There are 2 protein chains.
Amino acid sequence: MRVIGIDPGIVTTGYGVVDEVNHRLMYVASGSISTVAKLPLPKRLKKIYDELLAVFDAMKPAAVAVENTFVAKNFQSGLKLGQARGIALLAAEQYGVPVFDTTPTEVKLAVVGYGAARKDQVEVMVGRLLDLKSPPDSHHAADALAVAICYLHSARIRELTQRSEENPGLQSRRAHPL
Amino acid sequence: MRVIGIDPGIVTTGYGVVDEVNHRLMYVASGSISTVAKLPLPKRLKKIYDELLAVFDAMKPAAVAVENTFVAKNFQSGLKLGQARGIALLAAEQYGVPVFDTTPTEVKLAVVGYGAARKDQVEVMVGRLLDLKSPPDSHHAADALAVAICYLHSARIRELTQRSEENPGLQSRRAHPL
């Protein structure tokens, strides 16, 4: 299963492509889409949209996960971030695969095992989980890889939960701590 | 010259189509695009995007003006609004016409002549300026018409300013109060 994680932003949108093969995570690619501040906002949004669609076309993900934002300062920063996030969600919907939200806390829990982990801890763990020789090309790419990992983790948990629902014995073992 | 004004929102996006013919404003159409809260966000964004593009295709505007937001409460509301706004800006850019920002203060100044006007004052003035027999079908449509009017006003001001720059006599009359 191939997933693309996205860390949306007007200035820089990171993306990270991760495969899960036989319950192992494998790094495929990552990168970032940057836009120049002097361009009008609609042209910057179109650049993000077009390049994300190009990444989807090239990578053919089965699902896309979009970060539901690191907490920002105020309404204006929320508005800016929301614009980039809306574009990422639309691009994934247009590409036609399931789109998932991940919150920063879910990402940190999945990657570091600790919901209040720092960004640098997330980056180190992304490198270890994906067996990277060198760190991703940007913080945004690292964040995006973390989002993809988080989605694959929770997909596995969903799968286990479904199996346990089909198998009440397993469910009762889960419901009562061993 | 035909302009479409947009009041973006995830729940309801209003649009208003206004022509300027011989320095007179003429109402063409207005409406709103609503999305159901139970739909996933990417599908709601795609609905807004698709229907805005359909409106542009049908109405063939020469420019699109998008409201740069009435001030909202907090970061989360900024994020939500930003997502809808990003979609509106992208749709206009994809359609291929110039896209303009208008701030709420500019809209109120242009329509009511008073930057701190209330929403109901804006609606009444929109009805008068466009000679409407009955009010637009929603507050969002009325806001969107106000945005279009605001754009046409400022376009006329830009035109006058350019003329005065080509004609220094006129410019000096403007620079010094009569």
Side-chain angles (χ1 to χ4, degrees), chain A residues 4 6-11 13 33 35 39-53 56 61 63-104 151, chain B residues 4 6-11 13 33 35 39-53 56 61 63-104 151:
Chain A
I4 296 189
I6 297 176
D7 173 30
I10 297 283
V11 179
T13 289
I33 300 164
T35 67
L39 275 185
L41 180 60
K43 291 200 191 304
R44 298 174 79 180
L45 295 174
K46 183 172 183 323
K47 182 171 193 260
I48 297 167
Y49 181 76
D50 290 345
E51 296 195 13
L52 279 179
L53 279 179
F56 299 161
V64 171
V66 181
E67 169 102 73
N68 194 354
T69 259
F70 284 87
V71 174
K73 285 150 278 177
N74 53 37
F75 175 73
Q76 279 304 323
S77 59
L79 186 70
K80 279 184 75 170
L81 193 49
Q83 290 170 157
R85 188 171 136 74
I87 296 306
L89 294 171
L90 177 71
E93 182 68 25
Q94 295 282 29
Y95 182 69
V97 290
V99 193
F100 296 88
D101 251 356
T102 58
T103 68
Y151 170 74
Chain B
I4 296 188
I6 297 177
D7 174 30
I10 297 284
V11 179
T13 290
I33 300 165
T35 67
L39 274 185
L41 180 59
K43 291 201 192 303
R44 299 174 79 181
L45 295 174
K46 183 172 182 325
K47 181 170 194 261
I48 297 168
Y49 181 75
D50 289 344
E51 295 194 14
L52 279 180
L53 279 179
F56 299 161
V64 171
V66 182
E67 169 103 73
N68 193 354
T69 260
F70 283 86
V71 174
K73 285 150 278 178
N74 53 37
F75 175 72
Q76 279 302 323
S77 59
L79 187 70
K80 279 185 74 170
L81 192 51
Q83 291 171 156
R85 189 173 135 73
I87 296 305
L89 294 172
L90 177 70
E93 181 68 26
Q94 295 282 31
Y95 181 69
V97 290
V99 193
F100 296 88
D101 253 355
T102 58
T103 68
Y151 170 73

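Chain A is the first sequence line, chain B the second, and so forth, proteins listed ahead of strands; every chain is numbered from 1. Everything quoted here is computed from the prediction, not taken from an experiment.
- The CD atom of B:Gln83 sits 10.0 Å away from the CD1 atom of A:Ile87 when rounded to the nearest 0.5 Å.
- The stretch residues 88-101 of chain A participates, sequence neighbours left out, in these salt bridge (Lys or Arg N to Asp or Glu O under 4.0 Å) pairs: A:Arg85-A:Asp101, A:Glu93-B:Lys43.
- Looking at B:Leu79 and A:Leu79, their side chains never come closer than 4.5 Å, going by heavy atoms from C-beta outward.
- A:Lys80 pairs by the salt bridge (charged side-chain N to carboxylate O under 4.0 Å, His left out) definition with nothing, not counting sequence neighbours.
- No side-chain heavy atom of A:Leu89 sits less than 4.5 Å from a side-chain heavy atom of B:Arg44.
- Only the side chain of B:Leu41 comes within contact range of chain A, with at least one heavy atom under 4.5 Å from a heavy atom of that chain.
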